[in-house]
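Lettering of chains follows the sequences in order, A, B, ..., and the numbering in each one begins at 1.
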Protein chains: 2
Amino acid sequence: MSDAYYLQLTEQLRYLIDQNNAQGERKLPAERTLAERFATTRVTLRQALGQLEGEGLIHRSNRRGWFVSPARLVYDPTRDAGFNDYVRAQGRQPYTVVLGMETRPHLPAARALGLSDDQPFHHIRRRRYVDNRAVLVESLWVVPERAPELLGIYTDQSLWGLLRGRWGHHLANRSIRMVSEALAPVDAEELFVAPGTAGLNICRAILDDQQRPIEFDEEHWLHDALCISVELSGQQ
Amino acid sequence: MSDAYYLQLTEQLRYLIDQNNAQGERKLPAERTLAERFATTRVTLRQALGQLEGEGLIHRSNRRGWFVSPARLVYDPTRDAGFNDYVRAQGRQPYTVVLGMETRPHLPAARALGLSDDQPFHHIRRRRYVDNRAVLVESLWVVPERAPELLGIYTDQSLWGLLRGRWGHHLANRSIRMVSEALAPVDAEELFVAPGTAGLNICRAILDDQQRPIEFDEEHWLHDALCISVELSGQQ
DNA sequence: CCGATGGCTTGGTATAGACCAGAAGTTTGC
DNA sequence: GCAAACTTCTGGTCTATACCAAGCCATCGG
């Protein structure tokens, strides 16, 4: 318990959430209800909720309410398992929705892959779920020469499986970049959360074993959905 | 420009920050000044500032004001360079302050290294700076058998250098875990920021080439100070 | 010259109330 | 039966104001 009331509130809410969660109740009462119960205003209450949101304990679904966050998904960027594989490996249910497909240039992809600025890409945008919660949106930018009819045959299978199986590409060199972000309004909307929600931005540039550029991809994760884990052995 | 006023404010502030930054002015005007200039209240203004803070564009120093954030430090967790080395390699100035040293048990360290719960550790806590900005606090938990007189001889040099040079340890196996967090009041205070400021928690467990536990360490970074980058080559 | 003091500035916290827009549930009308 | 329309509930945004405590700085006193 610290001096500020909202920090005390945070602790009381933490306790309440624990209890609710034990009873399988994952939705919190309405803000107005909570504010009245703790004899404060919505503003102060929301400050306490925001603290717990920052910790990853709870999250909100836009205009629907606050919910207890499920356990984070463990993700190892040094391994090549596809989303579906590693979600299932953790006993959870993956799901993907394709939001759009088109072919056009994209500056960040061109830069990251060392191609000219006007290089067109096959672009696939999709939203991915874990246990029915939308946790990320991503944009894939594939070099058309490496996968000519991609947009015609892609539905929602594994992209890497397709690249390997149909076109024989071996993904060999990756550069990965991760930074915290505040979700832009468009990304937030596609994830059904408020604009400015904390997120994690992951970008990948992928080349094959002959250093030819294959694909660039950019993911926007909800910050509380992810735990990054890396296991390394071998002396440096 | 979106519908909500605070999002418009965000864009205007972004513009103002750009201009100020170009003139070398890295401190923003006072909240009351800005609120008046944009004809709104401090509450709404702070919502806009909070958005930019989430993006990592600006940060605040507790009760001192808002400042433009410097470029993120690039960090590759798969490489073994010490803090001082990779900060300098990016043309920036590292600095470290030791906050405390003691010997006592620590449950998370014991668990992560596979030791018994009451195993004591040499504990060093330090705050680290980049270009004069405090960007992280960390706790190191070293197995005493591997570095008996550590607390007597440690001042503020490189710990890994010491482990290698004095005791001949070769750090071979690492497991690294990164999750977003809201800084706890104690950590926030040591970093001179408000409690609940967004952070990144990085934990490392380190074993030597014979799988003997050496050290566990836990870092709390300001979220906007860091860009994680991993380069991988070699086919999977 | 220098340390102590006190006032001013700044962000941090909090109250009280209001309106809006989207989500969800309920009723109505075909 | 079922879709459309309405009502209610919910979070999202915003105003206006107040007080506190820490940082900062100029002034004062030795």
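In this pair, His123(B) and Trp141(B) present their aromatic rings parallel. The plane angle is below 30°, not in the 30 to 60° band.
Atom C1' of nucleotide dG12(D) and atom CZ of Phe192(A) are separated by 18 Å, given to the nearest angstrom. Rounded to an integer number of Å, the gap from CD of Gln47(B) to P of dG12(C) is 15 Å. If you take NZ of Lys27(A) and C1' of dT10(D), they are 7 Å apart, rounded to a whole angstrom. Atom CG in Leu45(A) sits roughly 12 Å away from atom P in dG12(D) (whole-Å rounding). In this structure, the CD atom of Glu36(B) is 16 Å from the C1' atom of dT15(D), given to the nearest Å. Spacing between atom CD of Glu31(A) and atom C1' of dT8(D) amounts to 17 Å, rounded to whole angstrom units. Summarising the geometry, the separation between CZ on Arg46(B) and P on dT13(D) is reported as 16 Å, rounded to the nearest angstrom. For the pair Trp66(B) CH2 and dG12(C) C1', the interatomic distance rounds to 11 Å; values are reported in whole Å.
In terms of phosphate contacts, Asn62(B) brings no side-chain nitrogen or oxygen within less than 4.0 Å of OP1 or OP2 of dA22(D). Side-chain N/O atoms of Arg60(A) include one lying less than 4.0 angstrom from OP1 or OP2 on dG12(D).
Of all heavy-atom pairs between Pro77(B) and Ile176(B), the closest is O-CD1, 3.2 Å.
Closest contact between the side chain of Arg63(A) and the listed nucleotides dG23(D), dA23(C), dC14(D) involves dA23(C). Across dT13(D), dG12(C), dT15(D), the shortest atom-to-atom separation from the side chain of Ala194(B) is found for dG12(C).
Both Arg32(B) and Thr44(B) lie close to DNA chain D; mapped to their nearest nucleotides by heavy-atom distance, the more 5′-ward contact belongs to Thr44(B). Residues Tyr6(A) and Arg64(B) each lie close to DNA chain C; by heavy-atom proximity, the contact nearer the 5' end of the strand is made by Arg64(B).
Residues Arg125(B) and Ser139(B) bring a donor and an acceptor atom of their side chains to less than 3.5 Å of each other. A donor-acceptor pair shorter than 3.5 Å can be found between the side chains of Tyr15(A) and Gln19(A). Under 3.5 Å, the side chains of Trp66(B) and Glu31(B) contain a donor-acceptor pair of N or O atoms.
The residue Thr40(A) sits close only to the backbone: its heavy atoms come under 4.0 Å of sugar-phosphate atoms, none of a base.
Arg42(A) contributes no side-chain N or O that forms a donor-acceptor pair with the base of dG17(C) under 3.5 Å.
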